[in-house]
Amino acid sequence: MSEKDTSRQQKVFDFLAQHGIEYTTYSHPEAPTIEIAQQYWHDDGSKHCKNLFFRNHKGNRHYLVCFDCDRSMAIHDLEKSLKQGKLSFASEQRMERYLGLRPGSVSPFGLINDTEHHVHLFLDKNLKNYPSLSFHPNDNTATVVISQAMFARYLEAVGNTFEYIELY
């Protein structure tokens with residue numbers, strides 16, 4: 001793990017601590033995809049999430065979409081659900097600019113780096129059915145498990161707009 005990746009994780013842990021947000025974490029080998037990450041996940045009852053970062057057609061709006069990792073979504077289906085017009089995956093440069101992240105480590109914790117609250121977060125409403133959620137802490141060599149109550153506290157603390165919607 002590089003020093004930059006360690007600092008990305010530490011920034012998440014520091015933010016959570018500053019806001020009294022409880023969580024558990026564990027380290028594992030690099031896991032840039034769901035398929036790889038599944039090998040390392042603990043059987044802790046949390047729902048592991050897939051996180052995709054999009055831009056609108058004009059490139060002036062950006063969206064983070066978070067949903068059940070066991071589901072798959074076509075962009076066309078997401079466009080219908082999100083009602084934001086034509087979408088495309090945001091570039092690595094946009095990901096770094098708005099979320100401070102690199103591909104394979106995207107999660108709602110990237111919103112910590114979006115100090116202007118530019119990115120809107122869409123969450124699958126079915127995620128509310130699980131006692132806790134799991135995300136990378138802005139680096140794909142670890143996983144953070146956070147309860148629904150603590151995740152709600154995180155969303156309030158980070159300050160970006162968000163909404164739970166029906167994605168499928």
* To do: Check step by step if salt bridge (Lys or Arg N to Asp or Glu O under 4.0 Å) holds for Lys128 and Glu166.
  => CA-CA 11 Å; Lys128 288 184 170 187; Glu166 188 168 336; over 6 Å; no
* Asked: Between Arg102 and Asp139, is there a salt bridge with N-O shorter than 4.0 Å?
  -> yes
Distance check, rounded to the nearest 0.5 Å: [X] atom [atom1] versus [Y] atom [atom2]?
{"X": "Glu30", "Y": "Thr141", "atom1": "CD", "atom2": "OG1", "result": "7.5 Å"}
{"X": "His118", "Y": "Asn160", "atom1": "NE2", "atom2": "CG", "result": "10.0 Å"}
{"X": "Gln39", "Y": "His28", "atom1": "CD", "atom2": "NE2", "result": "10.5 Å"}
{"X": "Asn113", "Y": "Phe15", "atom1": "CG", "atom2": "CZ", "result": "10.0 Å"}
{"X": "Leu99", "Y": "Ser107", "atom1": "CG", "atom2": "OG", "result": "8.5 Å"}
{"X": "Glu79", "Y": "Asp77", "atom1": "CD", "atom2": "CG", "result": "9.0 Å"}

Do [X] and [Y] have side-chain heavy atoms sitting under 4.5 Å apart?
{"X": "Leu82", "Y": "Leu167", "value": "yes"}
{"X": "Ser134", "Y": "Val144", "value": "no"}
{"X": "Ile112", "Y": "Val12", "value": "yes"}
{"X": "Phe135", "Y": "Ile146", "value": "yes"}
{"X": "Leu64", "Y": "Val106", "value": "yes"}
{"X": "Asn51", "Y": "Val65", "value": "no"}
{"X": "Gln9", "Y": "Asn138", "value": "no"}
{"X": "Ile75", "Y": "Leu52", "value": "no"}

Closest heavy-atom pair and its distance - [X], [Y]:
{"X": "Ala142", "Y": "Pro137", "answer": "O-CD, 3.1 Å"}
{"X": "His62", "Y": "Ala90", "answer": "CD2-CB, 4.3 Å"}
{"X": "Cys49", "Y": "Leu127", "answer": "SG-CD2, 4.0 Å"}
{"X": "Met95", "Y": "Pro103", "answer": "SD-N, 3.4 Å"}
{"X": "Ala31", "Y": "Ala37", "answer": "CB-CA, 3.6 Å"}

* Do the side chain of Ser105 and the main chain of Leu101 share a donor and acceptor less than 3.5 angstrom apart? -> no
* Asn56 (side chain) donor-acceptor with Leu87 (main chain) under 3.5 angstrom -> no
Could you check whether [Y] and [X] have their ring centres less than 6.0 Å apart?
{"X": "His42", "Y": "Tyr26", "result": "yes"}
{"X": "Phe67", "Y": "Phe122", "result": "no"}
{"X": "Phe53", "Y": "Phe89", "result": "no"}
{"X": "Phe109", "Y": "Tyr154", "result": "yes"}

* **Step-by-step ring-ring contact (aromatic ring centres under 6.0 Å, His included) determination, Phe151 to Tyr23** => CA-CA 9 Å; Phe151 186 60; Tyr23 64 94; over 10 Å; no
* Begin with the C-alpha distance, continue with both residues' side-chain angles, and end with the deciding distance and a verdict on side chain to side chain contact (heavy atoms under 4.5 Å, CB included) for Phe162 and Leu123. => CA-CA 7 Å; Phe162 70 92; Leu123 298 141; 3.9 Å; yes
* Does the side chain to side chain contact (heavy atoms under 4.5 Å, CB included) test come out yes or no for Val145 and Leu133, once each step is laid out? -> CA-CA 6 Å; Val145 179; Leu133 303 173; over 6 Å; no
* ILVMFWY network linking Tyr164 to Tyr168, side-chain heavy atoms under 4.5 angstrom -> no
* Determine whether Tyr130 and Ile34 fall in the same hydrophobic cluster, where Ile, Leu, Val, Met, Phe, Trp and Tyr are linked whenever their side-chain heavy atoms lie under 4.5 Å apart. => no
* So Leu78 and Phe54, side chain to side chain contact (heavy atoms under 4.5 Å, CB included) or not? Walk me through it. -> CA-CA 10 Å; Leu78 275 172; Phe54 294 98; 3.4 Å; yes
* Only one of Gln84, His120, Arg55 passes side chain to side chain donor-acceptor pair (under 3.5 Å) with Tyr63; say which it is. => Gln84
* Which word best sums up how the rings of Trp41 and His48 line up, parallel for under 30°, tilted for 30 to 60°, or perpendicular for over 60°? -> parallel
Give a yes or no on whether [X] atom [atom1] has more than 12 heavy-atom contacts from other residues, nucleotides or ligands under 6.0 Å away.
{"X": "Arg94", "atom1": "CZ", "value": "yes"}
{"X": "Glu163", "atom1": "CD", "value": "yes"}
{"X": "Gln38", "atom1": "CD", "value": "yes"}

* Stepwise side chain to side chain contact (heavy atoms under 4.5 Å, CB included) check, Val158 with Leu121 -> CA-CA 11 Å; Val158 80; Leu121 175 63; over 6 Å; no
* Listed partners of Lys47 passing salt bridge (charged side-chain N to carboxylate O under 4.0 Å, His left out), at least two apart -> Asp68, Asp70
